[in-house]
Enquirer: 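Supplied in structure tokens, the structure appears directly below.
Just so it is clear, the values below take in all heavy atoms, side chains as well, and ignore hydrogens, waters and symmetry mates.
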Amino acid sequence: MTEGTTTAAAEGGDTLTRLEQEGEIAADYLEGLLDIADLDGDIDMDVEADRAAVSIVSDSAGRDLSKLVGRDGEVLEALQELTRLAVLRETGDRSRLMLDIAGFRAKKREELAVLGAQAASDVKVSGEPLKLAPMTPFERKVVHDAVAAAGLRSESEGEEPQRFVVVLPA
């Protein structure tokens, strides 16, 4: 191995270690939250696309985790921000951690990938730009990725919370 390769491998290992640490801190924070809320849930940690990914899942038929998701994921978004702040407090570094509860984000990601692919298909046929409904940053990212995978490009326009994706013809 050359020195550059060794350095890159060490940096990759450092990044993985840092992201795993973020996941551990987030898991501890969320376990405390589940205890306070008297909810049952297991916490899974992973590293996906250079982000710590933490999921709360439940096998029990007891109290439903959907309370932690809220309407259209609003509570989930708030909990993700609080969890990121807990990581920031412990590490001093801003986190890009992604939180999923009861598979809400995973399901949403699948739906949005289909929406992005369909929008790209429609734009290829019409040749006209297509504006989609306002979305959260997470939702826009998934749509942008799906549009890019379909061979087109897209842009975000507008101001939060009314920011939306525009799919552009080739």
Enquirer: E111: what forms a side-chain contact (heavy atoms from CB on, under 4.5 Å) with it, not counting sequence neighbours?
Expert: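 With sequence neighbours excluded, E111 shows a side-chain contact (heavy atoms from CB on, under 4.5 Å) to K107, K108, given in chain and number order.
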Enquirer: Is there a path of hydrophobic side-chain contacts, each under 4.5 Å between heavy atoms, that joins F138 and L76?
Expert: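 No, because F138 and L76 fall into different hydrophobic clusters, even though each may have its own neighbours under 4.5 Å.
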Enquirer: Can you list everything that forms a salt bridge (charged side-chain N to carboxylate O under 4.0 Å, His left out) with E157? Sequence neighbours excluded, please.
Expert: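 So E157 forms no salt bridge (charged side-chain N to carboxylate O under 4.0 Å, His left out) with any residue.
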Enquirer: When you measure from the side chain of K124 to the backbone of A150, do you find a donor-acceptor pair of N or O atoms at a distance under 3.5 Å?
Expert: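 Indeed, once roles are kept as given, a pair shorter than 3.5 Å links the two residues.
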Enquirer: Just verifying a value: how many Å separate L30 CG and M45 CE, rounded to the nearest 0.5 Å?
Expert: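 The CE atom of M45 is 10.5 Å from CG of L30, to the nearest 0.5 Å.
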Enquirer: Could you identify which residues cluster with V87, counting Ile, Leu, Val, Met, Phe, Trp and Tyr as linked when any side-chain heavy atoms lie under 4.5 Å apart, either directly or through a chain of such contacts?
Expert: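 Grouped by the 4.5 Å side-chain rule, I25 form the rest of the cluster around V87.
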Enquirer: Can E160 and R140 be counted as an ion pair, charged N to O under 4.0 angstrom?
Expert: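 A salt bridge links E160 with R140.
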Enquirer: Side-chain donor-acceptor contacts of residues 116-123 below 3.5 Å, not counting sequence neighbours, with atom names and distances?
Expert:
{"unit_1": "Q118", "atom_1": "NE2", "unit_2": "D122", "atom_2": "OD1", "d": "2.7"}

Enquirer: Count I, L, V, M, F, W, Y as connected when their side-chain heavy atoms are under 4.5 Å apart, and connections chain through other members. Are L112 and L152 then in the same cluster?
Expert: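 Yes: a chain of side-chain contacts under 4.5 Å links L112 to L152.
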Enquirer: Which side chain to side chain donor-acceptor pair (under 3.5 Å) pairs, counting each pair once, include a residue from residues 28-37, with sequence neighbours left out?
Expert: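 Every candidate side chain to side chain donor-acceptor pair (under 3.5 Å) pair involving residues 28-37 fails, so no pair, neighbours aside, qualifies.
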Enquirer: List for me each residue that meets salt bridge (charged side-chain N to carboxylate O under 4.0 Å, His left out) alongside E24, sequence neighbours excluded, and say none if there are none.
Expert: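 Testing E24 for salt bridge (charged side-chain N to carboxylate O under 4.0 Å, His left out), a comparison that skips the adjacent residues, returns none.
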Enquirer: Verify, without hydrogens or angle tests, whether T136 (side chain) and E139 (backbone) share a donor-acceptor contact under 3.5 angstrom.
Expert: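 It does hold such a pair.
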Enquirer: Please check: side-chain N/O of Q80 versus main-chain N/O of L99, any donor-acceptor pairing under 3.5 Å?
Expert: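 Yes, because the side chain of Q80 sits within donor-acceptor range (under 3.5 Å) of the backbone of L99.
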Enquirer: With sequence neighbours excluded, tell me which residues meet salt bridge (charged side-chain N to carboxylate O under 4.0 Å, His left out) with R18.
Expert: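 So R18 forms a salt bridge (charged side-chain N to carboxylate O under 4.0 Å, His left out) with E22.
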Enquirer: Sequence neighbours left out, what pairs pass salt bridge (charged side-chain N to carboxylate O under 4.0 Å, His left out) with at least one residue falling in residues 68-80?
Expert: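 Every pair satisfying salt bridge (charged side-chain N to carboxylate O under 4.0 Å, His left out) with a residue in residues 68-80: R71-E74, E77-R105.
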Enquirer: Please answer whether the main-chain N or O of L168 pairs with a side-chain N or O of R153 as donor and acceptor at a distance below 3.5 Å.
Expert: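 Checked: no pair found.
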Enquirer: According to side-chain contact (heavy atoms from CB on, under 4.5 Å), who are the partners of K141, at least two apart in sequence or on a separate chain?
Expert: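 Residues passing side-chain contact (heavy atoms from CB on, under 4.5 Å) with K141: D145.
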Enquirer: Run the side-chain contact (heavy atoms from CB on, under 4.5 Å) test against L88 and tell me which residues pass, sequence neighbours left out.
Expert: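 With sequence neighbours excluded, L88 shows a side-chain contact (heavy atoms from CB on, under 4.5 Å) to L85, given in chain and number order.
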Enquirer: Among residues two or more places apart or on two chains, list those pairs meeting side chain to side chain donor-acceptor pair (under 3.5 Å) that have a residue in residues 41-57.
Expert: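 Matches after skipping sequence neighbours: none remain.
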Enquirer: Check for me, please, whether L68 and I43 land in the same ILVMFWY cluster - side-chain distances under 4.5 Å, paths through other members count.
Expert: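 Looking at the clustering, I43 is in the same group as L68.
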Enquirer: Output all residues satisfying salt bridge (charged side-chain N to carboxylate O under 4.0 Å, His left out) with R94, sequence neighbours left out; order by chain, then residue number.
Expert: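 With neighbours one apart ignored, the set is empty.
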Enquirer: Please lay out, stage by stage, how L34 and D40 fare under the test side-chain contact (heavy atoms from CB on, under 4.5 Å).
Expert: CA-CA 7 Å; L34 288 173; D40 292 325; over 6 Å; no
